[in-house]
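Contents: one structure, followed by commentary.
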Amino acid sequence: MLGLAPTVVVALADAGYVHPSDGPPGDPRFALGDLKAFQARVVEGATVGPAWPLSVEDGAFDASELVAALEGRAVEIGNRALALLATLLPEAAGYDDAQRARFLTEAVDRIEAIIALCARGPQGGEPIELDLAEIGADAAHAGVALPGVLLALRLSRDVVVQTAIEISEARGRHWGLALSVVLNRVLPAIDRLADAAARGYWEAVLEIEAESLERYRNVVEQATDGVFELDESGVVRYGNRAFGALLGLRTDALVGFPIPALLGPFELGAAESEVRVRRDDGAELTLLLRQFERVREGVVVGWDAVARDVTGDPTRARPRPD
């Protein structure tokens, strides 16, 4: 009858402009008199309050003035979010000036993103989501845990909602419809922003891990000691160039071989041991080996090991067995 989307009719009911009558659960019915009265006020030229016209064509209400009022209080909302955080987390109560300033800056960014999505509705949120992804990435680089990021986002949402209610209550009943529109957009906005922040966070974590792995590989490859990795059965899964040089082999010729085939008798998992090896070129070396457990979820899945040439070191050399 009104030509409105169901979600808008629900917003009208939430704001008290129309009243559902008794009916089956999930299928509200509305009194014909309520609908006619509302149609007369809105569709035939009147407005819902002096500042909130209903657009029948697109099924949406203009909530721009409420959104603008929220935008003007973004810093205040950020300070309220910080006060709320301090009541939930003891460490937040002890923030120094720099930590408080950092949280406030980030809180205002989050709050402005929430308000912007409330203003735009379901469309046009990609740039805002990219901003939240960047916030998530910054948190990862700062070493902040993801649950902390999501908690801060939830607090921001709660304070935005509370402030919107306070503004509407202060300015009168005719703001209720705009409030319903804003509140109907806050939860979907938070879902989208939380997803964006989490995506940015984990992408940054993967990038950080990749950079760390690259640095580790570079250090290992340039090491003068032999470095190699064994799986749980003692098969070589990686060896650096120095380890290949000690054995007189190419590094690609090491992978896939059981370590005893390369070094002779070998005590898998020994913290420290020595072995004597004879290379194909006839050179004999004494190697000092150190092994370190590689544990995953409490289970030993292999060993990382370092081999150092101690040939000729009188403090390390052992008599050659007959």
Side-chain angles (χ1 to χ4, degrees), residues 67 70-71 74-75 77-82 84-86 88-89 91-92 95-96 98-161 182 184-222 227 229 231 237-238 240 292 294-299 301-302 304:
V67 171
L70 287 170
E71 289 174 341
V75 174
I77 296 172
N79 278 307
R80 294 176 68 178
L82 176 57
L84 184 56
L85 182 69
L88 297 175
L89 298 177
E91 57 268 29
Y95 279 175
D96 59 26
Q99 290 171 312
R100 291 175 63 86
R102 177 185 176 88
F103 180 89
L104 181 58
T105 298
E106 294 174 348
V108 171
D109 287 342
R110 289 189 296 267
I111 288 160
E112 288 178 345
I114 294 169
I115 295 171
L117 276 185
C118 290
R120 298 188 184 196
Q123 305 299 325
E126 183 176 354
I128 301 169
E129 292 174 30
L130 292 176
D131 289 343
L132 262 290
E134 186 174 342
I135 289 175
D138 289 344
H141 285 286
V144 178
L146 180 58
V149 178
L150 300 182
L151 173 62
L153 194 56
R154 173 67 181 268
L155 292 178
S156 299
R157 182 206 70 176
D158 290 347
V159 181
V160 167
V161 168
V182 168
N184 283 342
R185 291 175 178 176
V186 166
L187 288 177
I190 286 296
D191 288 341
R192 293 170 63 184
L193 297 182
D195 289 345
R199 183 175 65 252
Y201 183 95
W202 288 117
E203 287 176 352
V205 167
L206 293 176
E207 179 182 333
I208 292 168
E209 289 181 347
E211 291 175 353
S212 297
L213 181 59
E214 184 62 29
R215 286 194 295 270
Y216 165 79
R217 285 177 174 168
N218 184 60
V219 170
V220 169
E221 283 300 318
Q222 301 301 321
V227 178
E229 295 179 0
D231 65 15
R237 295 306 179 194
Y238 167 79
N240 70 348
F292 309 90
R294 191 166 61 252
V295 179
R296 186 177 302 140
E297 296 181 355
V299 178
V301 296
D304 299 322

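All residue numbers in this chain count up from 1 along the given sequence.
For the pair Leu151/Leu85, a side-chain contact is recorded, criterion being any heavy-atom separation below 4.5 Å from C-beta on. Annotation: side chain of Asp304 is not in contact with side chain of Val227 (no heavy-atom distance under 4.5 Å). Within the 4.5 Å cutoff, the side chain of Leu155 has heavy atoms near those of the Leu88 side chain.
Shown here for Val159 and Leu84, the closest heavy-atom pair between the two residues is CG2-CD2, 4.2 Å. Of all the heavy atoms in Leu104 and Asn79, the pair that sits closest is CD1-N, 3.6 Å. Looking at every heavy atom in both residues, Val108 comes nearest to Val75 through CG2-CA, 4.0 Å. Across every non-hydrogen atom of Ala92 and Ala86, the tightest pair is CB-CA, 3.9 Å. In terms of heavy-atom proximity, Arg237 sits nearest to Asp231 at NH2-OD2, 2.9 Å. Nearest heavy-atom pair, Ala198 versus Leu146, reported as atom, atom and distance to 0.1 Å: CA-CD1, 4.1 Å.
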Distance-only check: which donor-acceptor pairs under 3.5 Å involve side-chain atoms of residues 132-142, not counting sequence neighbours?
none

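For Arg100, there are no side chain to side chain donor-acceptor pair (under 3.5 Å) partners at least two apart in sequence or on another chain.
Atom CG of Asn240 and atom CD of Gln222 lie 9.5 Å apart (nearest 0.5 Å). With values rounded to the nearest 0.5 angstrom, Leu82 atom CG is found 11.5 Å from Glu106 atom CD.
Side chain of Glu211 to backbone of Ile208: no donor-acceptor contact under 3.5 angstrom is found.
Under the side-chain hydrogen bond (donor to acceptor under 3.5 Å, both in side chains) criterion, no residue pair touches residues 197-207, with sequence neighbours excluded.
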